[in-house]
Trainee: 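Have a look at this one.
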Protein chains: 2
Amino acid sequence: MKKSINAYDVAKKAGVSQSTVSRVLNDYQFIKKETKEKVLKAIEELEFTRDEIARSLANRETRTIGLIVGDITNAFFSESAKVITRIAQENDYNVILCNTNHDEESLVQYIDSLKGQRVDGIIIAGADKDNKKIRELFDQHFPVILYNSIIEHDKANYVAVNNYQGARLAVEHLYELGHRDIGYIAGPEKYVTTHLRNIGFESALTHYNLKLNPNFVYTDEFLYEKVYAFTKKLLRQPERPSCLFVASDQMALAVLDAASSENIEIPSQLSVIGFDNISLAGNSYIGLSTVAQPMKKMARLALENLIVIMERKSNKEVSTLPVQIVLDAEVFSRKTTGVR
Amino acid sequence: MKKSINAYDVAKKAGVSQSTVSRVLNDYQFIKKETKEKVLKAIEELEFTRDEIARSLANRETRTIGLIVGDITNAFFSESAKVITRIAQENDYNVILCNTNHDEESLVQYIDSLKGQRVDGIIIAGADKDNKKIRELFDQHFPVILYNSIIEHDKANYVAVNNYQGARLAVEHLYELGHRDIGYIAGPEKYVTTHLRNIGFESALTHYNLKLNPNFVYTDEFLYEKVYAFTKKLLRQPERPSCLFVASDQMALAVLDAASSENIEIPSQLSVIGFDNISLAGNSYIGLSTVAQPMKKMARLALENLIVIMERKSNKEVSTLPVQIVLDAEVFSRKTTGVR
DNA sequence: CTGTTAGCGCCTTCAA
DNA sequence: TTGAAGGCGCTAACAG
């Protein structure tokens, strides 16, 4: 295989030194116009493209970030990924996609791999509550930002929605529709997100003086099939909730699926409210009521702030205040919730 | 910032040469056990992780692939991405996610960027019919595989479903349900996929001696809003089709949305059949009838074959036969199609 | 304004 | 079984 042409080849062809080629490539100001043109011409003729790997090695920056998500097929994550990749492209960053399937071990593996790959920074969407590895990252001042997660750490960077308030809003919405027997598809407690939603949920129950039937609560994994099976079983019970607060739209889809398969009409026989406001929720064929996260804004804030952090680091600036942003949630009432 | 520790530091600590460290890292066979252990211990103590960037530069391989998709929020793509990232992780490859938003210019930009990044290979999902840049890639024997696309090129690698046959199956399904006035949400003709579906569709119409009302055909972009608007308008017309073949499930969701907003009942007033069989289609709350692609199988085949191609290249093996796989489609009849 | 030179951290012959 | 030395292609002082 013929070896690829490099900056030396260009230099030779243009009759200059290799460093001049490098200067042209980097838009260095003080270059004679003619020299620059010669180089540019040589580059064109040789179809030269600079080796970003070598550049990274010399530069100590890769212009690559890692994006770790729990499940890319969850629309909340894929919609976020879309925003993030777009902004990344605008800023000349590459995005390495890491899908953990909500598996902690995989998360850790990915973090190590990304560090070996010398990525400039990492966005972690779907961190568990107390991940040692992630704390380490913050301890080491590695540029990381949590997306839709929070970790108690004085140097932690995060952008998240107010999950606590969001959960309260959900209960409020259901309560005002006359519901008193509320079921809760919570998902696993180990995530920060779900944890906070749990606390918010409980506090709202207390507020309204409602009591929770423990049989009405799902705290297992996010898996579609499991949620589906649980809901199906729940709905067959003689005593069942009149409504369900579901901690993610993705799971809410499984709930609707289960209800539909049991011929339970929504919302007359069962109200369902989700969380996230994935774009499908707004589809009027589905019309999922939900607690909305300002997803686009969050995604933008996450990456833009990460970029600031990364650049600060590459300029060897002293670390400044951590980025800790919490945005408000908002209820969208659609077709799947109705008066009791 | 203190510089990161490298193999020399490890070597010094272990009292060996750097090349020995390198050998340990690469599982070179002929190393004395004790030496190896010394090195391993030093690595551990220093928390050394090798710099994959430097390794890539020396090695001329990055163990990174590019995954170019039209729209990651389309479940067909995100579900494919999930499979691909998993298999990539199993094989120690990183995946750079490139979301083109179905924009050709963006596609070209991404290809250039990935080549500069020296990725070992590229998977392109959603290629347009006659993209020069992609042809170039094949001309240059760059490891690329098209996913769910086909290009007429003797060296082209691709894994795709039989779109032609799939479209025929859709028409057959509708025909057998008694439908004669078929509408077609085709999407833009410029993609290979859609192009072949178009041909298949037309051939089926001919076969059944059906004629197509040109007003019943949508050939604009994949954008949700546009499909929604078109469908809404179409359904308000006094003369409208009794059923719709929609060239992707993603668009079918927009169609259902529009129908629902017009209070048109599905399937009694309008049958809808999609294409892809995204997992949501199987959700019984939605129950979208569709032409299924064997997505998981396709994704696996695409990456596994790409890996073979990449390894072949790094071993400087002569190029062999191109990978050209076409799988069968299959109709899944669910809730959105019914007898006329 | 431009060339020279020394790295960046690793891999890989070649000798020993 | 190990060490020495020369790349991989680029950047970044430092001279001139």
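We name chains A, B, ... by the order of the sequence lines, and we start the count at 1 in each one. Both backbone and side-chain heavy atoms feed into the values below; hydrogens, waters and symmetry mates do not.
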Trainee: Of all the choices, C:dC10, D:dC10, D:dC8, which nucleotide is nearest to the side chain of A:Arg55 once you look at every atom?
Mentor: D:dC10
Trainee: Determine: side-chain N/O of A:Arg60 to OP1/OP2 of C:dG9, distance under 4.0 Å, yes or no.
Mentor: yes
Trainee: Output the rounded distance in Å from NZ (B:Lys38) to C1' (D:dG3).
Mentor: 13 Å
Trainee: Mind calculating the distance between CD (B:Glu37) and P (D:dT2) to the nearest angstrom?
Mentor: 12 Å
Trainee: Look at the side chain of A:Ser17 and decide which nucleotide, out of C:dT4, C:dC11, C:dC1, has an atom nearest to it.
Mentor: C:dT4
Trainee: Is B:Glu311 salt-bridged to B:Lys313, cutoff N-O under 4.0 Å?
Mentor: no
Trainee: Side-chain N or O of A:Thr20 less than 4.0 angstrom from OP1 or OP2 on C:dG3?
Mentor: yes
Trainee: I'd like to know if B:Arg63 and B:Glu61 make a salt bridge, using a cut-off of under 4.0 Å between side-chain N and carboxylate O.
Mentor: yes
Trainee: Would you work out how much the helix from C:dC1-D:dG16 to C:dA16-D:dT1 bends between its ends, with each end axis defined by five base pairs, to 10 degrees?
Mentor: 40°
Trainee: At under 4.0 Å between heavy atoms, what does A:Tyr28 touch on the DNA or RNA strands: base, sugar-phosphate, or nothing?
Mentor: base
Trainee: Using a 4.0 Å heavy-atom cut-off, does A:Thr35 contact any base of the nucleic acid, only the sugar-phosphate backbone, or nothing at all?
Mentor: sugar-phosphate
Trainee: Report the nucleotide, chosen from C:dT2, C:dC10, D:dC10, that has the shortest atom-to-atom distance to any side-chain atom of B:Ala58.
Mentor: C:dC10
Trainee: Can you find a side chain N or O atom of B:Asn59 that sits less than 4.0 Å from OP1 or OP2 on C:dT12?
Mentor: yes
Trainee: When the distance from OH of A:Tyr8 to P of D:dC8 is rounded to whole Å, what number comes out?
Mentor: 10 Å
Trainee: Parallel, tilted or perpendicular, judged at 30° and 60°: which one describes the rings of B:Phe76 and B:Tyr147?
Mentor: parallel
Trainee: Is the phosphate of C:dC8 approached by B:Asn6 (side-chain N or O, under 4.0 Å from OP1 or OP2)?
Mentor: no
Trainee: Could A:Glu37 and A:Lys41 be called an ion pair, given the rule that one side-chain N must be under 4.0 Å from one carboxylate O?
Mentor: no
Trainee: Any salt bridge between B:Glu45 and B:Lys13, counting N to O under 4.0 Å?
Mentor: yes
Trainee: From the list D:dT2, C:dC10, C:dG3, which nucleotide is the closest neighbour of the side chain of A:Val16?
Mentor: C:dG3
Trainee: Assign A:Ser19 to base, sugar-phosphate, or nothing according to its heavy-atom contacts below 4.0 angstrom with the strands shown.
Mentor: base
Trainee: When the distance from CD1 of A:Ile53 to P of C:dC11 is rounded to whole Å, what number comes out?
Mentor: 14 Å
Trainee: Enumerate the residue pairs fulfilling ring-ring contact (aromatic ring centres under 6.0 Å, His included) with a member in residues 88-109 of chain B, sequence neighbours excluded, ordered by first and then second residue.
Mentor: B:His102-B:Tyr191, B:His102-B:Phe222
Trainee: Under 4.0 Å, heavy atoms only, any strand: does B:Val21 hit a base, just the sugar-phosphate, or nothing?
Mentor: nothing
Trainee: Output yes when at least one side-chain N/O atom of A:Ser22 is less than 4.0 Å from OP1 or OP2 of D:dC10, else no.
Mentor: no
Trainee: Looking at C:dC11, C:dT2, D:dC10, which one has an atom nearest to any side-chain atom of B:Arg50?
Mentor: C:dC11
Trainee: Under a 3.5 Å threshold, yes or no: a donor from one side chain and an acceptor from the other, between A:Arg55 and A:Asn26?
Mentor: yes
Trainee: Does any N or O donor sit under 3.5 Å from an N or O acceptor when you compare the side chain of B:Arg23 with the base of D:dG3?
Mentor: yes
Trainee: Does a side-chain N-to-carboxylate-O contact under 4.0 Å join B:Glu52 and B:Arg50?
Mentor: yes
Trainee: To the nearest Å, how far apart are A:Gln29 CD and C:dT2 C1'?
Mentor: 16 Å
Trainee: Between the side-chain atoms of B:Gln18 and the base atoms of C:dC11, is any donor-acceptor pair under 3.5 Å?
Mentor: yes
Trainee: Nearest whole Å is fine: how far is C:dT12 P from B:Glu61 CD?
Mentor: 9 Å
Trainee: Answer with yes or no whether the side chains of B:Asp120 and B:Thr62 bring together a donor and an acceptor at under 3.5 Å.
Mentor: yes
Trainee: Could you state the CG-P distance from A:Leu57 to C:dC11, rounded to the nearest angstrom?
Mentor: 12 Å
Trainee: Between C:dT2, D:dT2, D:dT11, which nucleotide gets closest to the side-chain atoms of A:Lys32?
Mentor: C:dT2
Trainee: Assign A:Ile31 to base, sugar-phosphate, or nothing according to its heavy-atom contacts below 4.0 angstrom with the strands shown.
Mentor: sugar-phosphate
Trainee: C:dG9 phosphate, OP1 or OP2: any side-chain N/O from A:Arg118 under 4.0 angstrom?
Mentor: no
Trainee: B:Leu25 CG to C:dC10 P: how many Å, rounded?
Mentor: 8 Å
